[in-house]
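Report on the following structure.
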2 protein chains.
Amino acid sequence: MKPTVHDIAAHAGVSLATVDRVLNGRAGVREVTRLRVEEAVTALGFVRDVAAANLAKGRVYTFTFILPANDNSFMIGLRAEVEQAARRASGERMAIRIVDVPAFDTGALVAALEDAQAGMPDGVAFVAIDAAEVRAAAENLLAAGIAVVTLVSDLGGTARTHYAGIDNIAAGRTAGMLTGRFLSGRAGPVLPLAGSLMVRDHRERLQGFSAVMTERFPERAILAPVEGRDDPATAERMVEEALAAHGDLCGIYSFGAGNRGLIRAIERLPTQMRPVVILHELTDVTRLALVADLIDAVLNQDAGHEVRSAIRVLKAAADGSKVVEAQERIRIDIFLKDNLP
Amino acid sequence: MKPTVHDIAAHAGVSLATVDRVLNGRAGVREVTRLRVEEAVTALGFVRDVAAANLAKGRVYTFTFILPANDNSFMIGLRAEVEQAARRASGERMAIRIVDVPAFDTGALVAALEDAQAGMPDGVAFVAIDAAEVRAAAENLLAAGIAVVTLVSDLGGTARTHYAGIDNIAAGRTAGMLTGRFLSGRAGPVLPLAGSLMVRDHRERLQGFSAVMTERFPERAILAPVEGRDDPATAERMVEEALAAHGDLCGIYSFGAGNRGLIRAIERLPTQMRPVVILHELTDVTRLALVADLIDAVLNQDAGHEVRSAIRVLKAAADGSKVVEAQERIRIDIFLKDNLP
DNA sequence: CCAGATCTGAGGTACGTAAATCAAAATTTC
DNA sequence: GAAATTTTGATTTACGTACCTCAGATCTGG
């Protein structure tokens with residue numbers, strides 16, 4: 001059976017109180033005695049039962065999740081995942097507080113981070129905006145001994161404990177590869193459709209996409225990227241304009257939200273005129289479009305996985321344990337109509 | 001503060017014992033009383049503290065994993081994942097025993113299942129062979145109240161609690177779609193290369209592949225499937241023969257193991273003669289081949305995820321709790337060289 | 001050598017839940 | 001209607017660790 005503190009005490013020939021003093025680094029133990037206890041720990045392979053310890057301490061881990069009050073499907077889904085995780089977490093001595101901030105608002109995010117810090121939680125997870133002020137706020141959190149996990153969108157530098165999200169450059173590259181290969185034998189330019197090129201994820205996706213197109217498909221023309229502002233109506237207009245300007249447009253890589261508009265525009269085209277479309281995030285709308293052959297592939301990040309991973313990492317950071325690295329790597333899911341979940 | 005069983009008892013005006021009976025579904029509580037307790041649980045938002053519960057139960061879950069003593073990379077990796085999980089599990093009151101059986105040996109698997117049952121574990125996970133005797137053995141386990149999870153390869157029927165593996169038909173379909181699209185504009189037949197068509201997973205992959213090719217790419221010729229016996233040398237020879245017989249061979253879908261041989265055969269071909277190759281399982285060999293542009297895509301199932309999922313499901317079955325459905329769905333990972341982990 | 005400080009041991013309680021034991025009430029049986 | 005049986009409620013102990021108190025032991029310095 002697993003050894004307990006009692007076994008340690010017996011093996012070292014000391015009392016429970018002394019074992020406790022040694023284990024918890026309290027004063028009042030002679031060096032000789034301390035060594036004897038530590039030997040017993042090693043000899044028996046004692047590992048503190050964290051659950052029992054937390055129970056005794058009455059400790060509850062508190063984590064704060066700061067989420068943008070965005071109305072696109074992905075963010076709504078992410079929020080739902082956090083809420084669900086929060087419910088389950090409460091049974092595991094974790095209290096998760098959810099804080100909303102206006103989307104794309106650096107000031108509000110910084111304020112929320114400072115606010116969170118004031119509450120001295122064990123950890124904070126947030127969807128980062130890659131700005132110097134945010135980085136500074138994150139560094140403050142770290143300096144205060146609070147674990148920091150960026151969710152979905154990362155911060156530059158190392159002002160965080162962990163990033164729970166996909167590699168957006170790799171995602172862009174993957175989209176480029178799929179676009180290029182799916183288009184083999186078909187002539188015409190390709191349109192990159194961003195949400196906003198101000199946000200880091202979108203810039204990185206474009207960067208990866210452009211790199212692959214240049215390296216592997218140099219003959220293919222890439223149009224100047226346009227911004228759909230993560231808004232269906234704007235995206236729809238952008239696509240219409242591109243189609244009008246380039247009759248031979250044969251590919252679209254959409255790496256922002258607002259894909260409902262893009263899909264509407266595609267739907268109106270005669271089948272043989274439809275470009276190859278690769279876009280991000282599996283939602284009801286994009287799933288249906290994939291099934292209906294309106295689009296060709298969806299790159300996805302699993303919001304549930306990201307949230308669960310963030311929580312595991314925060315918890316591990318809080319009690320100084322290790323995580324299973326492979327489990328915390330967020331995959332870039334590629335969905336064709338045939339492998340939809 | 002979080003409500004405890006005491007709060008529930010007070011709020012419902014009953015004793016702790018009654019609350020306990022209701023929470024753990026034990027007999028001996030009048031319907032009216034049961035309802036009162038359940039109301040209190042809802043009203044106070046009570047969530048059972050799993051750590052305290054496990055502590056009190058002092059229960060150690062015992063699970064048996066039966067793995068084929070196969071020497072291919074995937075099975076070796078799977079085994080390593082089980083071993084790693086077993087180490088971590090011991091800190092969470094779970095004891096995992098690993099049992100080896102000869103690969104593809106129905107009798108040995110049945111014997112191992114019966115043997116496992118004799119030890120009365122809380123759950124058994126095994127890589128199934130889809131045979132009637134195995135199904136019967138699994139049903140015996142279930143009848144004895146032991147949770148049964150099939151790993152990687154499923155059983156027909158419902159003789160199991162859960163299947164921790166991918167949908168192989170969908171995987172085959174995905175491979176078909178990628179092959180067909182990557183080949184657009186290029187003429188020539190495609191070769192399906194199986195490990196063995198006697199095993200269910202391989203049959204299903206072929207079935208999915210063939211279905212998509214027929215539906216979506218009817219003009220493309222599909223050669224009769226050949227069996228590489230999961231052996232590199234055999235696979236290599238099969239590919240060589242196919243290349244000799246069909247000078248215009250332009251695609252290979254390999255859905256068994258032994259891909260080292262396939263890759264050797266491809267490597268010898270001049271670049272412009274190389275077929276589109278889609279295969280299964282990301283290993284050192286297939287990863288290198290992908291990076292070197294020798295193959296085009298790798299379909300993968302994450303062994304670590306499968307093992308962790310199997311354990312979560314077994315644990316949940318053992319103590320009658322629920323799992324996060326989405327977390328237990330094993331994805332078909334598609335890897336191009338650009339989204340390698 | 002004695003007072004004071006510093007170590008060590010023994011014992012207890014608490015955390016939140018599970019589960020066993022025991023007591024009381026309700027129901028059935030003869 | 002009393003005894004036997006079943007149902008329900010109350011109380012208590014245990015899990016492994018943290019942390020508290022108090023008493024005794026050992027070590028300081030004057």
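So you know, we letter chains A, B, ... as the sequences are listed, proteins then strands, and number each from 1.
- Using a distance-only test at 3.5 Å, with no hydrogens or angles considered, a donor-acceptor pair links the side chain of A/Y163 to the main chain of A/V152.
- Within the nucleic acid shown, B/D20 comes within 4.0 Å of at least one base atom, counting heavy atoms only.
- Across all strands shown, A/V14 has heavy atoms under 4.0 Å from sugar-phosphate atoms exclusively, and none from any base.
- The side chain of B/R26 places an N or O atom within less than 4.0 Å of a non-bridging phosphate oxygen (OP1 or OP2) of C/dA19.
- Checking the phosphate oxygens (OP1, OP2) of D/dG16, no side-chain nitrogen or oxygen of A/T4 falls inside 4.0 Å.
- Residue A/N54 is classed as having no contact, given no heavy-atom separation below 4.0 Å to the nucleic acid.
- Note on B/A53: only backbone sugar-phosphate atoms sit closer than 4.0 angstrom, heavy atoms only; bases stay farther off.
- A close approach under 4.0 Å does not occur between any side-chain nitrogen or oxygen of A/R59 and OP1 or OP2 of D/dT17.
- Residue A/G91 is out of contact with every strand shown, counting any heavy-atom pair closer than 4.0 Å.
- Contact annotation for B/R21: base contact, defined as any heavy-atom pair under 4.0 Å involving a base atom.
- Checking D/dG9, C/dT17, D/dA10 against the side-chain heavy atoms of B/A17 singles out D/dA10 as nearest.
- A salt bridge links A/R59 with A/D122; the closest basic N to acidic carboxylate O contact falls under 4.0 Å.
- Across all strands, B/S15 comes closer than 4.0 Å to base atoms (heavy-atom distances).
- Heavy-atom distances to DNA chain C give each of B/F46 and A/R34 a nearest nucleotide, and the one nearer the 5′ end belongs to A/R34.
- A distance-only check finds no donor-acceptor pair linking the side chain of A/D20 to the backbone of A/L16 [under 3.5 Å].
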Every protein N/O within reach of nucleotides 23-28 of chain C N/O, cut-off under 3.5 Å:
none

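- Considering only side-chain atoms of A/A56, the nucleotide from D/dG16, D/dC20, C/dA18 that sits closest is D/dG16.
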